[in-house]
Amino acid sequence: MKLTFYKYQGTGNDFVVLDNRDQTIQLSQEQVAFLCDRRKGIGADGLMLLQPKEGFDFEMVYYNADGRPSSMCGNGGRCLVAFAQFLDVVEDQAYFIAADGPHQAFLKDGLVHLQMKDVDAVEDLAEATFLDTGSPHYVKQVEALEHLNVFAEGRAVRYLDRFQAQGTNVNFVEHLPENKLFVRTYERGVEDETFSCGTGVTAAALSASRAGYESPVHIRVLGGELQVSFEKEGHGFKNVFLIGPAEQVFKGEIRL
Ligand SMILES: N[C@H](CCC[C@H](N)C(=O)O)C(=O)O
């Protein structure tokens with residue numbers, strides 16, 4: 001089978017993106033893992049299908065690099081909105097359905113503003129917080145983040161008894177001046193550090209709001225800059241937006 005694909009990246013979190021409006025694409029776990037393989041395939045942190053869904057501009061189907069279906073991907077969602085505009089499926093606004101429910105999004109000044117799900121509560125753990133922003137996130141504040149072995153430290157948390165079965169993403173956050181954070185993330189399903197994690201920086205910003213960070217929080221990641229805006233609602237958050245660039249890198253064909 002010859003497969004036409006597009007490669008997208010959002011602050012260095014990168015994706016194989018497939019137009020499945022004709023609903024002919026059916027991929028096995030092994031095929032998705034092959035397409036995401038950085039040595040033998042195209043190489044990506046994840047793979048997304050854009051496909052039709054009654055009542056929505058499109059449906060987002062997301063797979064982690066391990067080939068397994070995943071929960072919500074914030075950077076992926078932003079890239080898929082940009083892809084939908086490229087395909088003329090949408091103009092500068094989108095309403096789509098993903099693993100964690102419906103999402104509004106709009107494109108403005110070259111950035112994609114993606115509304116994330118409301119967050120009901122943030123759980124306090126011994127030396128971290130845990131919250132679900134569409135995907136599960138363990139958030140730990142650290143100093144001197146650039147020197148941290150994120151792979152080793154992240155992997156250790158991801159395989160703790162509590163997270164062994166379902167896994168979690170692990171975010172290490174350094175509080176910077178002027179309402180800014182530096183975030184590095186070990187991602188479940190990639191089982192490595194990625195250059196950016198959209199649901200992760202969202203979790204980091206909401207957690208930091210309890211230490212006085214105000215909306216919008218500016219976040220530096222290895223792959224660039226993102227913003228997260230939100231409104232507090234009791235112990236939770238609503239009108240949460242993840243804002244940043246989403247670029248098409250290349251189009252290609254591959255035989256499966
Ligand atoms: N690896 C995540 C999904 C992708 C999240 C990340 N790429 C993002 O931008 O939110 C998980 O299995 O929960």
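The residues of the chain are indexed from 1 along the displayed sequence. Counting starts at 1 for both ligands and their atoms, in listed order.
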Using heavy atoms and a threshold below 4.0 Å, how should the contact between [X] and ligand 1 be classified: side chain, backbone, both, or neither?
{"X": "Ser71", "result": "side chain"}
{"X": "Asn13", "result": "side chain"}
{"X": "Asn64", "result": "side chain"}

Protein contact of [atom] - nearest heavy atom, named by residue and atom, plus distance:
{"atom": "atom 9 (O) of ligand 1", "value": "Gly198 N, 2.7 Å"}
{"atom": "atom 3 (C) of ligand 1", "value": "Ser70 OG, 3.3 Å"}
{"atom": "atom 5 (C) of ligand 1", "value": "Glu187 OE1, 3.5 Å"}
{"atom": "atom 10 (O) of ligand 1", "value": "Thr199 OG1, 2.6 Å"}
{"atom": "atom 13 (O) of ligand 1", "value": "Asn169 ND2, 2.8 Å"}

**Request:** Could you tell me which atoms of ligand 1, counted from 1 in the order shown, lie closer than 4.0 angstrom to a heavy atom of Ser135?
**Result:** 3 (C), 11 (C), 13 (O)
**Prompt:** Would a line drawn from the ring center of Phe130 to the ring center of Phe163 be shorter than 6.0 Å?
**Reply:** yes
**Centroid separation Phe96 to Phe56 less than 6.0 Å** = no
**Item:** Residues Lys251, Asp19: salt bridge by 4.0 Å N-O rule
**Value:** no
**Short N-O contact, Lys7 and Asp14, less than 4.0 angstrom** = yes
**Request:** Report the C-alpha separation of Glu225 and Lys180 in whole Å, then their side-chain angles, then the decisive distance to 0.1 Å, and conclude whether the salt bridge (Lys or Arg N to Asp or Glu O under 4.0 Å) test is met.
**Result:** CA-CA 10 Å; Glu225 303 262 337; Lys180 193 160 188 174; 3.4 Å; yes
For residues 189-207, please give each side-chain donor-acceptor pair under 3.5 Å, one per line with the distance, not counting sequence neighbours.
{"from": "Glu191", "atom 1": "OE1", "to": "Arg158", "atom 2": "NE", "distance (Å)": "3.1"}
{"from": "Glu191", "atom 1": "OE1", "to": "Tyr186", "atom 2": "OH", "distance (Å)": "2.6"}
{"from": "Glu191", "atom 1": "OE2", "to": "Arg158", "atom 2": "NE", "distance (Å)": "3.1"}
{"from": "Glu191", "atom 1": "OE2", "to": "Gly189", "atom 2": "N", "distance (Å)": "2.9"}
{"from": "Glu193", "atom 1": "OE1", "to": "Arg184", "atom 2": "NH2", "distance (Å)": "2.8"}
{"from": "Glu193", "atom 1": "OE2", "to": "Arg184", "atom 2": "NE", "distance (Å)": "2.7"}
{"from": "Glu193", "atom 1": "OE2", "to": "Arg184", "atom 2": "NH2", "distance (Å)": "3.4"}
{"from": "Thr194", "atom 1": "OG1", "to": "Glu187", "atom 2": "OE2", "distance (Å)": "2.9"}
{"from": "Thr194", "atom 1": "OG1", "to": "Ser196", "atom 2": "O", "distance (Å)": "3.1"}
{"from": "Ser196", "atom 1": "OG", "to": "Thr11", "atom 2": "OG1", "distance (Å)": "2.7"}
{"from": "Ser196", "atom 1": "OG", "to": "Asn75", "atom 2": "ND2", "distance (Å)": "3.0"}
{"from": "Thr199", "atom 1": "OG1", "to": "His137", "atom 2": "NE2", "distance (Å)": "2.7"}
{"from": "Thr202", "atom 1": "OG1", "to": "Gly198", "atom 2": "O", "distance (Å)": "2.8"}
{"from": "Ser207", "atom 1": "OG", "to": "Thr129", "atom 2": "OG1", "distance (Å)": "3.0"}
{"from": "Ser207", "atom 1": "OG", "to": "Ala203", "atom 2": "O", "distance (Å)": "3.0"}

**side chain to side chain contact (heavy atoms under 4.5 Å, CB included) partner of Phe58, the single match among Asn20, Leu87, Val81** = Val81
**Donor-acceptor pair between Glu214 and Asn179 side chains, under 3.5 angstrom** = no
**Item:** N or O contact, Gly189 vs ligand 1, cut-off under 3.5 Å
**Value:** no
**Asked** Quick check: does Arg188 get an N/O under 3.5 Å from an N/O on ligand 1?
**Response** yes
